[in-house]
Amino acid sequence: MDDLIFENKYEVEIYFSMLKEIGSGREGVCYKKGRIAYKRYNQLYSCLYSNDIAVNRLLYFRDLIINNIYFIRGLIYCNDMVIGSMCDYASGVSCCKLQLHRSKIDKLVNALKELKRNVYELSELRIYLDDNFLGNFLYDGNKFKLIDLGGCFCSEEISDDILDDDEIKNKDDVLFIYRRNMRMIMKKLFVNITDKYYNNDNFIYAFLWDIDSPYKYYLEDSDLMINPDDTIMGIRDTICEYIGYEIDSLKDLLRIRKK
């Protein structure tokens, strides 16, 4: 994807007026046209990104193709300032706006299995994720997608000064990177899926706390966090055994009171 270059602000305004606005965030406003998504940076981020180091970082993975993971493909310039970026459009709804515990468990599990495959492929390239903002996760009812990944970095970019001995020894190890990447993702996504993030009553948490469940401390257990599909199924089976009947989604617990 070629960079987009404008000569003046008038051209910028005309161009963006023809795009469909699809959302906004801390960096700016997002738009869509066809299969391309555009982000127009606010003044602060435009200034932050308008230098060679920042440009190289934003475009570092522009040619990398991994299913359901979306990197910046090009930048938007005006008067030698970086005013935005472009990437392939990803359909779906931001997980900030979803209550995933209301989704069908079987669909969530299948989506999480595919997410694991995608993240493992990323990890095989020794790439670390460095952003776990929930708004950068999309869900379309069948797949999870990671967008706006300008904060990724390769293992060789990590300074040994900020790592402990175990991390230094393993920083190029694919499994080590994969486990780290999955933990970073699931710290945000998992609590949404299990309702702990959205529901103050915390039904699931209460159930697991009261019974002798291996999933009681899932947010602290790395093995449970990097295998969220198995963990979700285990939580469902534990709850179904406890209440005595099957549930299709975790929202069904909203009708239940503890025994």
Side-chain angles (χ1 to χ4, degrees), residues 1-97 118-119 122 125-140 144-159 161-162 177 181 184-185 188-189:
M1 188 180 295
D2 294 333
D3 293 335
L4 192 58
I5 301 174
F6 297 100
E7 293 185 0
N8 54 65
K9 291 183 179 180
Y10 176 76
E11 290 183 355
V12 173
E13 297 301 331
I14 293 296
Y15 190 86
F16 276 91
S17 69
M18 297 186 293
L19 306 181
K20 178 182 178 181
E21 183 175 332
I22 56 175
S24 60
R26 61 182 180 182
E27 292 183 331
V29 181
C30 296
Y31 301 84
K32 172 185 179 294
K33 181 180 180 181
R35 296 184 178 180
I36 300 177
Y38 302 78
K39 177 184 285 186
R40 185 174 179 182
Y41 298 138
N42 58 39
Q43 186 173 0
L44 172 61
Y45 281 92
S46 179
C47 292
L48 289 175
Y49 293 153
S50 292
N51 61 77
D52 290 342
I53 294 176
V55 167
N56 289 336
R57 164 50 50 204
L58 290 171
L59 296 177
Y60 198 86
F61 300 106
R62 73 183 302 170
D63 298 320
L64 184 60
I65 305 294
I66 297 178
N67 286 339
N68 303 317
I69 297 180
Y70 294 79
F71 295 97
I72 291 173
R73 302 295 185 205
L75 296 179
I76 306 170
Y77 292 89
C78 180
N79 296 328
D80 297 323
M81 293 285 291
V82 174
I83 64 166
S85 59
M86 299 174 289
C87 67
D88 300 314
Y89 173 70
S91 61
V93 180
S94 167
C95 289
C96 276
K97 301 178 180 179
N118 301 150
V119 174
L122 182 80
L125 300 174
R126 275 71 177 181
I127 297 174
Y128 286 79
L129 293 172
D130 195 33
D131 190 350
N132 65 342
F133 175 51
L134 195 59
N136 289 349
F137 306 141
L138 304 183
Y139 183 59
D140 66 1
F144 286 107
K145 302 171 184 180
L146 307 185
I147 63 171
D148 202 13
L149 297 179
C152 292
F153 57 93
C154 295
S155 60
E156 62 265 22
E157 298 178 90
I158 305 174
S159 171
D161 296 337
I162 63 173
I177 298 171
N181 285 339
M184 179 164 287
I185 291 171
K188 293 291 186 180
L189 198 55

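Bear in mind the structure is a predicted one, so any value in this text is a computation, not a measurement.
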* Structure fact -> Residues at least two apart in sequence or cross-chain that pass side-chain contact (heavy atoms from CB on, under 4.5 Å) with N51, listed by chain then number, are I53, A54
* To do: Please list all pairs passing the salt bridge (Lys or Arg N to Asp or Glu O under 4.0 Å) test where one or both residues lie in residues 78-87, with sequence neighbours left out.
  => none
* Within a strict 4.5 Å, meaning less than it, do heavy atoms of the I66 and L125 side chains meet? -> yes
* Structure fact -> Tightest non-hydrogen contact, residues I127 and N181, listed as O-ND2, 3.0 Å
* Asked: Between L138 and S94, is any pair of side-chain heavy atoms under 4.5 Å apart?
  -> yes
* If you round to the nearest 0.5 Å, how far is CG of N136 from CG of L189? -> 12.0 Å
* Asked: Counting distance only, does the side-chain N/O of N8 pair as donor-acceptor with the main-chain N or O of Y10 below 3.5 Å?
  -> yes
* For side-chain contact (heavy atoms from CB on, under 4.5 Å), just list the numbers for I72 and M86, CA-CA rounded to whole Å, side-chain angles, deciding distance to a tenth of an Å, and then say yes or no. => CA-CA 6 Å; I72 291 173; M86 299 174 289; over 6 Å; no
Ignoring hydrogens and angles, write down the donor-acceptor pairs under 3.5 Å from the side chains of residues 40-48, residues two or more places apart or on other chains.
unit_1 : atom_1 : unit_2 : atom_2 : d
R40    : NH1    : E13    : OE1    : 3.4
R40    : NH1    : E13    : OE2    : 3.4
R40    : NH2    : E13    : OE2    : 2.5
Y41    : OH     : S85    : OG     : 3.0
N42    : OD1    : L44    : N      : 3.2
N42    : OD1    : Y45    : N      : 3.0
N42    : ND2    : R26    : O      : 2.9
N42    : ND2    : E27    : O      : 3.4
S46    : OG     : V82    : O      : 2.7

* Given side-chain contact (heavy atoms from CB on, under 4.5 Å), test N56 with Y60 step by step and report yes or no. => CA-CA 6 Å; N56 289 336; Y60 198 86; 5.8 Å; no
* Can you name the nearest heavy-atom pair linking G74 to R62, along with the distance? -> CA-NH2, 3.7 Å
* Between L4 and Y77, is any pair of side-chain heavy atoms under 4.5 Å apart? -> no
* Structure fact -> Interatomic distance, SG@C30 vs NZ@K39, rounded to 0.5 Å, equals 5.0 Å
* Quick one: are L75 and L59 in side-chain contact, heavy atoms under 4.5 Å? -> yes
* Does a side-chain heavy-atom distance below 4.5 Å link I69 with F71? -> yes
* Going by heavy atoms in the side chains, are L146 and I185 under 4.5 Å from each other? -> yes
* Begin from the C-alpha positions of I22 and V29 and carry the test side-chain contact (heavy atoms from CB on, under 4.5 Å) through to its verdict. => CA-CA 8 Å; I22 56 175; V29 181; over 6 Å; no
* To do: Decide side-chain contact (heavy atoms from CB on, under 4.5 Å) for Y139 and V93; before the verdict, give the C-alpha distance in whole Å, the side-chain angles of both, and the deciding distance to 0.1 Å.
  => CA-CA 5 Å; Y139 183 59; V93 180; over 6 Å; no
* To do: Apply side-chain contact (heavy atoms from CB on, under 4.5 Å) to D88 and list each qualifying residue two or more places apart in sequence or on a separate chain.
  => M1, Y70, R73
Output side-chain donor-acceptor pairs under 3.5 Å for residues 31-38, partner residues at least two apart or in another chain, one line each.
unit_1 : atom_1 : unit_2 : atom_2 : d
K32    : NZ     : G34    : O      : 3.2
Y38    : OH     : Y15    : OH     : 3.1

* Partners passing side-chain contact (heavy atoms from CB on, under 4.5 Å) against S91 (at least two apart in sequence or in another chain) -> Y89, D140, K145
* Asked: Does the side chain of N68 pick up a donor-acceptor pair with the side chain of N118 at under 3.5 Å?
  -> yes
* Any side-chain heavy-atom pair from C87 and I147 closer than 4.5 angstrom? -> no
